[in-house]
K.L.:
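This is the structure I want to talk about, given as structure tokens.
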Amino acid sequence: MSETTLGITTGAVARHLGVSPTTLRSWDQRYGIGPAARQDGRHRRWTSGDIAMLEEMCRLTASGVPPAEAARAARAARGGRSGAVADGGPGARPVGRPGPAHPPEPAAGLVHPGAVQDEPDERDVLRESRGLARAAVRLDGPALDALLGDLMAGHGLVTVWEEVMVPTLHAVGRKWQSSGDRYVEVEHLLSWHVSTALRRVPPAPVRRTAAPPVLLACVPAEQHTLPLEALAAGLGERGLPARMFGAAVPAEALDAAVRRTGPAAVVLWSQARSTADHALARYVAESTFGVKGARTHPVMLLAGPGWAGRAPGPGTLRPGGLREALDLISRLYDTP
């Protein structure tokens, strides 16, 4: 029996299309873009008709069609090819025929409760990082959206942020610094699409509607907001209340926000030591609010590399990354 008759493996299909196996598994789980049959009921074996459907999915997403809409169209196309689903019937393209000229790079993100999530493979994650960088260098916005959407669907927010988004942003930044200010447009485009992907993370219902929020702000001289946007997305995903104030928040505005919201915690982001304002951090950490006799103060989290080199003061925490920051803040709300 030929390989075409039996169907071919996910790995072989991934190499044919130029995507990762993780992306194919994500498409199958999330959009129903999977093989019509599985060997022994478990293992994916892809026929020529299945591959034609995947090629259509690649073509549509690469042209900017949202993945869910592309999946519906690709499934409809497969259903409309009489005899094409099984064993390469009439109208099915042979396995060896090249796929779309620019298939989407591997990608994967946010897992819905109860969904099956593949453990990220280190080689897949590395390949997906490179694919994201290549799409940015091409200034291919639709491909960036498709890649980031698939990444978030397959790996989850924290993994995608720490293992794909941050390394890719750093790599593009290094390329800009070493090329005489070239590629500025690449960094801006990539940052915009990363920000868009983070804002698309659907929040869970707030756990305790009366609970005080977490206040997120960049120090007055700091313009880099993406790490705080990732934290805001992660807090929303966990159903924790947050207020995001963004870049370069003036000290007076930060003070007013703290006194008006009475936050459970304040997260101050500093990207570089030149922007870290230790005096402001101490002032906010010592701020008190509430009724007389029951006044309290926020937990202070100093986030970002700008705070390195000096021990945090009393009541101040310094998380090492997104996952740690989310865990620290979650514990504040888990305490009765």
K.L.:
Can you name the nearest heavy-atom pair linking Ser270 to Val219, along with the distance?
P.N.:
CB-CG2, 4.2 Å
K.L.:
Are Leu139 and Val194 connected in a single hydrophobic cluster, I mean Ile/Leu/Val/Met/Phe/Trp/Tyr linked by side-chain heavy atoms less than 4.5 Å apart?
P.N.:
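Per the 4.5 Å side-chain linkage, Val194 and Leu139 are co-clustered.
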K.L.:
Using the side-chain contact (heavy atoms from CB on, under 4.5 Å) criterion, which residues pair with His224? Sequence neighbours excluded.
P.N.:
Glu222, Trp269, Gln271
K.L.:
Is any side-chain heavy atom of Thr168 less than 4.5 Å from a side-chain heavy atom of Leu132?
P.N.:
yes
K.L.:
How many angstroms lie between atom CG of Leu54 and atom CG of Leu24, to the nearest 0.5 angstrom?
P.N.:
6.0 Å
K.L.:
Calculate, to the nearest 0.5 Å, the distance between atoms CZ and CG belonging to Arg134 and Leu147 respectively.
P.N.:
9.5 Å
K.L.:
Which value, rounded to the nearest 0.5 Å, describes the distance between Glu162 atom CD and Glu324 atom CD?
P.N.:
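Answer rounded to 0.5 Å: 10.0 Å.
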K.L.:
Which heavy atom of Val249 sits nearest a heavy atom of Leu254, and at what distance?
P.N.:
CG1-N, 3.9 Å
K.L.:
Restricting to non-hydrogen atoms, name the atom on Val258 and the atom on Val266 that form the minimum distance, rounded to 0.1 Å.
P.N.:
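Shortest heavy-atom contact: CG2-CG2, 4.1 Å.
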K.L.:
Distance from Leu144 atom CG to Thr196 atom OG1, nearest 0.5 Å?
P.N.:
10.0 Å
K.L.:
Do Met300 and Val284 come close enough that some side-chain heavy atom pair is under 4.5 Å?
P.N.:
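Yes - at least one pair of side-chain heavy atoms lies under 4.5 Å apart.
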K.L.:
Quick check against the 3.5 Å criterion: does Thr275 have a side-chain atom that pairs as donor or acceptor with the backbone of Ala272?
P.N.:
yes
K.L.:
Could you check if a side-chain atom of Leu235 sits within less than 4.5 angstrom of a side-chain atom of Leu326, using non-hydrogen atoms only?
P.N.:
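Contact flag for Leu235/Leu326 side chains = yes.
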K.L.:
Using side chain to side chain donor-acceptor pair (under 3.5 Å), reason through Thr159 and Glu163 one step at a time and then give a plain yes or no.
P.N.:
CA-CA 6 Å; Thr159 296; Glu163 298 188 27; 4.7 Å; no
K.L.:
Show the nearest heavy-atom pair for residues Ala230 and Leu198, with the distance to one decimal.
P.N.:
N-CD1, 3.7 Å
K.L.:
Considering the options Arg72, Met57, Glu69, which one meets the side chain to side chain contact (heavy atoms under 4.5 Å, CB included) requirement together with Tyr31?
P.N.:
Met57
K.L.:
Could you check whether any side-chain heavy atom of Phe245 comes within less than 4.5 Å of a side-chain heavy atom of Leu216, counting everything from C-beta outward?
P.N.:
no
K.L.:
Applying a strict under-4.5 Å side-chain criterion to I, L, V, M, F, W and Y, I'd like to know whether Leu301 and Met244 cluster together.
P.N.:
yes
K.L.:
Identify the heavy atoms of Pro241 and Pro212 that sit nearest to each other, and give their distance.
P.N.:
CG-O, 3.7 Å
K.L.:
Less than 4.5 Å apart, any side-chain heavy atom of Val166 and any of Pro227?
P.N.:
no
K.L.:
Mind listing the closest non-hydrogen atom pair of Leu231 and Ala325 along with its distance?
P.N.:
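Shortest heavy-atom contact: CD1-CB, 4.1 Å.
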K.L.:
What's the separation between atom NE2 in His170 and atom CE in Met165, rounded to the nearest 0.5 Å?
P.N.:
13.5 Å
K.L.:
Working to the nearest 0.5 angstrom, can you tell me the gap between Ile8 CD1 and Arg45 CZ?
P.N.:
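Going from CD1 on Ile8 over to CZ on Arg45, the span is 8.5 Å.
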K.L.:
Yes or no on side chain to side chain contact (heavy atoms under 4.5 Å, CB included) for Cys218 and Thr225, after CA distance, side-chain angles and deciding distance?
P.N.:
CA-CA 7 Å; Cys218 290; Thr225 63; 4.1 Å; yes
K.L.:
Under a 4.5 Å cut-off applied to non-hydrogen side-chain atoms, are Ser195 and Leu226 in contact?
P.N.:
yes
K.L.:
Does either side chain, that of Arg238 or that of Ser330, offer a donor lying less than 3.5 Å from an acceptor on the other one?
P.N.:
yes
K.L.:
Give the C-alpha distance, both sets of side-chain angles, the deciding distance and a yes or no for salt bridge (charged side-chain N to carboxylate O under 4.0 Å, His left out) between Arg260 and Asp255.
P.N.:
CA-CA 9 Å; Arg260 291 182 62 186; Asp255 180 44; over 6 Å; no
K.L.:
Can you find a heavy atom in the side chain of Trp27 that is under 4.5 Å from one in the side chain of Cys58?
P.N.:
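Of all side-chain heavy-atom pairs linking Cys58 with Trp27, at least one is under 4.5 Å.
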K.L.:
Please assess Val214 against Arg243 for the test side chain to side chain contact (heavy atoms under 4.5 Å, CB included), listing each intermediate value before the final yes or no.
P.N.:
CA-CA 6 Å; Val214 179; Arg243 302 291 183 272; over 6 Å; no
K.L.:
Under the rule for ring-ring contact (aromatic ring centres under 6.0 Å, His included), what residues qualify as partners of His278, not counting sequence neighbours?
P.N.:
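ring-ring contact (aromatic ring centres under 6.0 Å, His included) check on His278 returns Trp307.
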K.L.:
Looking at Asp327 and Arg331, does any basic side-chain N land under 4.0 Å from a carboxylate oxygen?
P.N.:
no
K.L.:
Start with the C-alpha gap between Val186 and Arg138, add the side-chain angles, then the distance that decides, and say whether side chain to side chain contact (heavy atoms under 4.5 Å, CB included) holds.
P.N.:
CA-CA 8 Å; Val186 174; Arg138 295 196 308 268; over 6 Å; no
K.L.:
Assess whether side chain to side chain contact (heavy atoms under 4.5 Å, CB included) is satisfied between Leu240 and Val206, documenting all intermediate values.
P.N.:
CA-CA 6 Å; Leu240 300 177; Val206 175; over 6 Å; no
K.L.:
How about Ile329 and Val267: do any of their side-chain heavy atoms sit closer than 4.5 Å?
P.N.:
yes
K.L.:
Answer yes or no: are there more than 12 heavy-atom neighbours, outside Arg199 itself, under 6.0 Å from its atom CZ?
P.N.:
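Check passes, neighbour count above 12.
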